[in-house]
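One structure is given here, and the rest of the page talks about it.
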Amino acid sequence: VYGQYSRNLSLTNLDWFQVFRNQLLYVKDQKYLSIDTRTLVTKPLSVPRELKPGTQIQMQQDRMYILDGDAIEVYQFE
């Protein structure tokens, strides 16, 4: 219910983003990236296979969902 302002991240022209655990996941210029919201370290997002332009991903609990065309792939991770 209550929150406190922590910091401002200046990210522009993103194609997609998602907050997952302590990570801000996003796509910029067809690159999948991750920012650790505690340390602000940016690194490439590790995905199980190469993704084509327009591919969408979603992270929830211990799974990664990849929508590629008309098929959805589900990957489980720890």
Side-chain angles (χ1 to χ4, degrees):
V1 175
Y2 298 100
Q4 181 177 354
Y5 175 79
S6 177
R7 62 183 55 125
N8 190 20
L9 299 174
S10 180
L11 299 171
T12 59
N13 300 321
L14 300 182
D15 298 321
W16 165 86
F17 81 94
Q18 176 188 354
V19 178
F20 179 70
R21 297 183 180 156
N22 292 317
Q23 303 287 320
L24 175 65
L25 313 173
Y26 65 100
V27 177
K28 185 170 183 171
D29 301 326
Q30 298 181 4
K31 296 178 185 170
Y32 289 79
L33 303 166
S34 164
I35 296 177
D36 187 308
T37 58
R38 296 166 295 177
T39 64
L40 299 183
V41 172
T42 301
K43 62 182 180 179
L45 180 61
S46 178
V47 292
R49 65 174 181 84
E50 186 154 338
L51 302 176
K52 295 183 250 176
T55 299
Q56 298 176 27
I57 62 171
Q58 181 74 33
M59 307 277 276
Q60 292 185 1
Q61 295 177 352
D62 62 344
R63 290 185 173 83
M64 175 185 284
Y65 300 88
I66 298 177
L67 175 61
D68 193 1
D70 59 355
I72 295 178
E73 299 172 11
V74 180
Y75 296 89
Q76 187 167 350
F77 58 92
E78 297 179 15

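Scope of the values below: all heavy atoms of this structure, side chains included, with no hydrogens, waters or symmetry mates.
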Is the count of non-hydrogen atoms from other residues, nucleotides or ligands lying under 6.0 Å from Lys31 atom NZ greater than 12?
no

Main chain of Gln23, side chain of Arg38: is a donor-acceptor contact present, judged purely on distance under 3.5 Å?
no

Nearest 0.5 Å please: distance from the CD1 atom of Ile66 over to the NZ atom of Lys52.
11.5 Å

Closest non-hydrogen atom pair, Phe77 against Met59:
CZ-CE, 3.8 Å

Start with the C-alpha distance between Gln60 and Tyr65, add both sets of side-chain angles, then the distance that settles side chain to side chain contact (heavy atoms under 4.5 Å, CB included), and finish with yes or no.
CA-CA 8 Å; Gln60 292 185 1; Tyr65 300 88; 4.2 Å; yes

Testing the basics here: between Thr42 and Ile35, what is the closest heavy-atom pair and its distance to 0.1 Å?
OG1-CG1, 3.4 Å

Looking at every heavy atom in both Tyr26 and Ser34, which two are closest together, and how far apart are they?
CE2-N, 4.5 Å

Is it possible for you to say whether Tyr75 and Phe20 belong to one hydrophobic cluster, with membership spreading through side-chain heavy-atom contacts below 4.5 Å?
yes

Under a 4.5 Å side-chain heavy-atom rule over Ile, Leu, Val, Met, Phe, Trp and Tyr, are Leu14 and Leu25 clustered together?
no

Nearest-0.5 Å distance that lies between atom NZ in Lys28 and atom CG in Asp15:
9.5 Å

Please check if atom OH in Tyr2 has more than 12 non-hydrogen atoms from other residues, nucleotides or ligands closer than 6.0 Å.
no

So, the side chain of Thr37 versus the backbone of Asn22: is there a donor-acceptor pair under 3.5 Å, distance only?
yes

I'd like to check Ile57 versus Leu45 (side-chain heavy atoms, cut-off strictly below 4.5 Å). Are they in contact?
yes

Specify the closest pair of heavy atoms between Leu24 and Leu9, including all atoms of both residues, with the distance to one decimal.
CD2-CD1, 3.9 Å

Just wondering, more than 12 heavy atoms not from Gln76 lying within 6.0 Å of its CD?
yes

Does Leu40 belong to the same Ile/Leu/Val/Met/Phe/Trp/Tyr cluster as Phe17, with side-chain heavy atoms less than 4.5 Å apart forming each link?
yes

Non-hydrogen atoms of Pro48 and Met64 that approach each other most closely:
CD-SD, 3.5 Å

Are more than 12 heavy atoms, taken from residues, nucleotides or ligands other than Asp62, located less than 6.0 Å from that residue's CG atom?
yes

Taking all heavy atoms of Arg63 and all of Val74, pick out the closest pair and write down the distance.
CD-CG1, 3.8 Å

